[in-house]
Protein chains: 2
Amino acid sequence: MDKLTAIEAFAALAQPTRLDVFRLLVKAGHEGLSAGEIAKTLTIRQNTMSTNLAILARTGLVTNQREGRSIRYFADYQGISALISFLMEDCCGGNLEICQPIIDEIACGR
Amino acid sequence: MDKLTAIEAFAALAQPTRLDVFRLLVKAGHEGLSAGEIAKTLTIRQNTMSTNLAILARTGLVTNQREGRSIRYFADYQGISALISFLMEDCCGGNLEICQPIIDEIACGR
DNA sequence: TCCATATATCTAGATTTATAGATATATTAG
DNA sequence: CTAATATATCTATAAATCTAGATATATGGA
């Protein structure tokens with residue numbers, strides 16, 4: 001991951017609607033949600049949502065796939081993984097105990 | 001973590017200087033770095049860096065501590081952990097295999 | 001082909017953010 | 001107290017971003 005990509009991804013997440021969308025898609029998992037379902041769920045106008053979905057997709061945080069008239073969106077787990085990995089690069093450097101709490105946090109309580 | 005805090009944290013990271021600072025502090029670990037050392041390392045003017053450090057501190061991504069005339073800054077591992085945790089909330093929900101790759105990524109190759 | 005549905009793009013005004021010059025505050029030394 | 005060092009705050013201009021109205025494109029059905 002390069003720095004510019006990371007900045008665009010963080011900027012994408014730094015906006016209420018897009019943050020909601022991403023978290024919604026994380027919860028939706030492999031099923032994903034159509035653009036229309038997302039807009040309806042979050043009560044955002046169609047064109048505004050479309051713009052925001054495009055921004056998320058451009059950064060690699062979500063993917064999409066056409067299904068007939070609809071377009072289904074999915075959280076891109078690989079994308080978010082690469083972003084977090086970039087951010088925390090060399091966190092451990094011999095000190096695993098520093099980032100262990102972070103790992104635990106993400107490990108869904110397990 | 002509430003949504004507004006998360007948005008401010010992502011916005012803080014969505015800027016070249018601040019992203020550099022945070023990654024630098026992650027690498028610096030518990031030793032941290034003084035504001036001056038950070039500005040010098042990244043070749044950013046003093047007042048601009050001060051503004052950006054304040055933004056990072058306000059969001060809970062970094063902490064600081066005065067040491068004589070200097071102020072030493074540290075990455076706040078608990079803060080970033082809470083942010084990532086908020087972002088990935090309910091990712092697992094019965095499907096650990098979805099977020100396992102993310103956990104692995106952050107686990108510093110171990 | 002014609003229409004309805006689903007999503008995307010173009011556009012402009014309003015708001016937010018970034019940078020750096022000037023200056024202020026805090027700490028230490030003499 | 002005065003000077004030097006380290007960092008923070010105030011400020012204004014420039015640049016980027018957000019939203020939503022209008023409109024365009026894509027797909028499926030009759």
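Chain letters run A, B, ... following the sequence lines, proteins first and then strands; every chain starts at 1. Heavy atoms only: backbone and side chains are in, while hydrogens, waters and symmetry mates are out.
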May I have the distance from B:Arg72 (atom CZ) to D:dA6 (atom C1'), rounded to whole angstrom?
-> 13 Å

Look only at the side chain of A:Arg58 and the backbone of A:Gly60, and say whether a donor-acceptor pair between them is shorter than 3.5 Å.
-> no

Side chain to side chain contact (heavy atoms under 4.5 Å, CB included) with B:Ala14: which residues, sequence neighbours excluded?
-> A:Phe10, A:Ala11

With sequence neighbours excluded, what pairs up with A:Ala75 under the side chain to side chain contact (heavy atoms under 4.5 Å, CB included) test?
-> A:Phe22, A:Leu25, A:Val26, A:Tyr77

Would you indicate what B:Ser50 reaches in the nucleic acid, counting non-hydrogen atoms under 4.0 angstrom: base, sugar-phosphate, or nothing?
-> base

Test side-chain hydrogen bond (donor to acceptor under 3.5 Å, both in side chains) applied to B:Glu8 - qualifying residues, sequence neighbours left out = none

List for me each residue that meets salt bridge (Lys or Arg N to Asp or Glu O under 4.0 Å) alongside A:Lys27, sequence neighbours excluded, and say none if there are none.
-> B:Glu89

Do A:Gln46 and C:dA8 have a side chain to base donor-acceptor pair shorter than 3.5 Å?
-> yes

To the nearest Å, how far apart are B:Asn64 CG and C:dA26 P?
-> 15 Å

Could you list the residues that satisfy side chain to side chain contact (heavy atoms under 4.5 Å, CB included) with B:Phe86, not counting sequence neighbours?
-> A:Leu19, A:Arg23, B:Met1, B:Lys3, B:Ala6

Scan the side chains in residues 42-57 of chain A for donor-acceptor partners under 3.5 Å anywhere in the protein, sequence neighbours excluded, and list what turns up.
unit_1, atom_1, unit_2, atom_2, d
A:Thr51, OG1, A:Asn47, O, 3.1
A:Asn52, OD1, A:Arg18, NH1, 2.9
A:Asn52, ND2, A:Thr48, O, 3.3

Do the side-chain N or O atoms of B:Arg66 get closer than 4.0 angstrom to the phosphate oxygens (OP1, OP2) of C:dT27?
-> yes

Polar pairs (N or O, both sides) under 3.5 Å between protein and nucleotides 18-21 of chain C?
unit_1, atom_1, unit_2, atom_2, d
C:dA18, OP1, B:Arg18, NH2, 2.9
C:dT19, OP1, B:Gln15, NE2, 3.1
C:dT19, OP2, B:Gln15, NE2, 2.9
C:dA20, N7, B:Thr48, OG1, 3.4
C:dG21, OP2, B:Arg45, NH1, 2.5
C:dG21, N7, B:Asn47, ND2, 2.6
C:dG21, O6, B:Asn47, ND2, 2.9

Quick one: A:Glu8 CD to D:dA16 C1', roughly how many Å, whole number?
-> 13 Å

Side chain to side chain contact (heavy atoms under 4.5 Å, CB included) against A:Glu67, all qualifying residues, sequence neighbours excluded | A:Gln65, A:Arg72

What is the distance, rounded to the nearest whole Å, between atom CG of B:Leu53 and atom C1' of D:dA6?
-> 12 Å

Nearest whole angstrom, please: distance from the P of C:dT27 to the CD of B:Gln65.
-> 14 Å

Within this structure, what is the CG-to-P distance between A:Leu13 and D:dT17, rounded to whole angstrom?
-> 15 Å

Given atom CG of A:Leu56 and atom P of C:dA8, what is their separation to the nearest angstrom?
-> 12 Å

Verify the contact: side-chain N or O of B:Tyr73 to OP1 or OP2 of D:dA6, cut-off strictly under 4.0 Å; return yes or no.
-> no

Are A:Val62 and A:Asp76 close enough that some pair of their side-chain heavy atoms sits under 4.5 Å apart?
-> no

Interatomic distance where CD1 belongs to B:Ile71 and P belongs to D:dT9 [whole Å] = 9 Å

Dump the pairs, protein N or O against N or O of nucleotides 3-5 of chain D, anything under 3.5 Å, distances to one decimal.
unit_1, atom_1, unit_2, atom_2, d
D:dT5, O4', B:Arg69, NH1, 3.0

